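This is a predicted model, so every value here is computed, not measured.
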Amino acid sequence: MASNRETARDALATLISTAMVGTGKPVQAVYNYRPADFGGQSPVVTVSSSGSQRPRMTFTGGQARFFLQVDLFVLYNDQASWTEDLAEDRLDLIESTLAGILDANQRYTPWEAIGYADRSQRVDVVVGGVEYMRESVPIAVEVFG
């Protein structure tokens with residue numbers, strides 16, 4: 001049976017949640033899908049499926065390369081105590097923490113390798129009527145089976 005991208009997506013979301021959510025950690029919530037509304041939470045990380053490559057291998061079984069999109073969402077400004085410069089600093093901290101998670105888990109069940117597939121990109125978006133800074137990080141995951 002072919003490997004399933006969902007398994008890698010769920011495992012990465014769990015790793016990120018463990019490292020980033022909780023008292024003294026930089027994120028309020030991690031989702032293994034993209035919710036339509038964050039219910040006022042910030043910062044938020046989402047892990048979504050973003051494509052697959054399944055090259056044919058002869059006599060050695062299957063290999064796949066899954067692409068995931070990790071999106072980092074930080075409230076832009078709350079017109080009170082949360083300012084644009086704090087948001088920018090938090091976005092940078094979350095991206096750096098994500099890079100550390102990937103470095104520390106190069107070989108991890110269910111993958112053989114994981115890393116950035118390309119450069120991340122930053123855009124501002126509105127989610128549930130609230131403006132967020134969003135950094136999209138393309139991730140490549142190598143799996144066998």
Do Phe67 and Val143 sit in one hydrophobic cluster, given that two such residues count as connected whenever their side-chain heavy atoms are within less than 4.5 Å of each other, even indirectly?
no
Does any part of the side chain of Val74, heavy atoms only, come nearer than 4.5 Å to the side chain of Trp82, both counted from C-beta?
yes
**Prompt:** Do Val125 and Val30 share a hydrophobic cluster, counting only Ile, Leu, Val, Met, Phe, Trp and Tyr and linking them when any side-chain heavy atoms are less than 4.5 Å apart?
**Reply:** yes
CG of Leu91 to OH of Tyr76, rounded to nearest 0.5 Å, is 12.0 Å
ILVMFWY cluster, Met133 and Val123 together (side-chain gap under 4.5 Å)
yes
Distance col, row Ile114:CD1 vs Tyr108:OH, nearest 0.5 angstrom, shows 10.0 Å
Taking the six-membered ring for Trp, are Tyr31 and Phe38 parallel (under 30°), tilted (30 to 60°) or perpendicular (over 60°)? parallel
For Ser42 and Phe73, the nearest pair of non-hydrogen atoms, with its separation, is OG-O, 4.4 Å
Residue pairs meeting salt bridge (Lys or Arg N to Asp or Glu O under 4.0 Å), one or both in residues 32-44, sequence neighbours left out, come to Arg34-Asp71
Closest non-hydrogen contact found for Gly40 with Gln28 is O-OE1, 4.4 Å
Please tabulate, one pair per line, all N/O donor-acceptor pairs under 3.5 Å involving side-chain atoms of residues 95-104, not counting sequence neighbours.
| from | atom 1 | to | atom 2 | distance (Å) |
| --- | --- | --- | --- | --- |
| Glu95 | OE2 | Tyr116 | OH | 2.6 |
| Thr97 | OG1 | Leu93 | O | 2.8 |

Handout entry: Arg5 side chain to Thr7 side chain, donor-acceptor N/O pair below 3.5 angstrom
Key = no
The reported gap from CG in Asp124 to CD in Glu131 (rounded to nearest 0.5 angstrom) is 5.5 Å
Of all heavy-atom pairs linking Gln106 and Trp111, the shortest is O-CD1, 3.3 Å
Closest non-hydrogen atoms of Ala19 and Lys25, given as atom of the first, atom of the second and distance, are O-CD, 3.4 Å
Check your understanding: Are any non-hydrogen side-chain atoms of Arg90 and Val27 less than 4.5 angstrom apart?
Key -> no
Review point. Can you find a heavy atom in the side chain of Glu88 that is under 4.5 Å from one in the side chain of Arg122?
Key: yes
- Go through the side-chain N and O atoms of Gln69 and Ser48 and say whether any donor and acceptor fall under 3.5 Å apart. no
Between Glu84 and Asn77, the two heavy atoms sitting closest are OE2-ND2, 2.8 Å
Review point. Taking C-beta and beyond as the side chain, do Thr46 and Val70 meet within less than 4.5 Å on heavy atoms?
Key: no
Note to self: With heavy-atom distances below 4.5 Å as the criterion, would you say the side chains of Glu135 and Gln121 are in contact?
What the structure shows: no
Would you tabulate the side-chain donor-acceptor contacts of residues 9-18 under 3.5 Å, counting partners in other chains and residues two or more places apart, or write 'none'?
| from | atom 1 | to | atom 2 | distance (Å) |
| --- | --- | --- | --- | --- |
| Arg9 | NE | Ser49 | OG | 3.2 |
| Arg9 | NH1 | Asn32 | O | 2.3 |
| Asp10 | OD1 | Asn32 | ND2 | 2.7 |
| Thr14 | OG1 | Asp10 | O | 3.0 |
| Thr18 | OG1 | Thr14 | O | 2.9 |

Closest heavy-atom pair, Met20 versus Val45, reported as atoms and distance to 0.1 Å, is SD-CG2, 4.5 Å
Given side chains that start at C-beta, do those of Ser50 and Phe66 come closer than 4.5 Å, heavy atoms only?
no
**Message:** If we ignore hydrogens and angles and just use 3.5 Å, is the side chain of Arg54 paired with the main-chain N or O of Ser3 as donor and acceptor?
**Reply:** yes
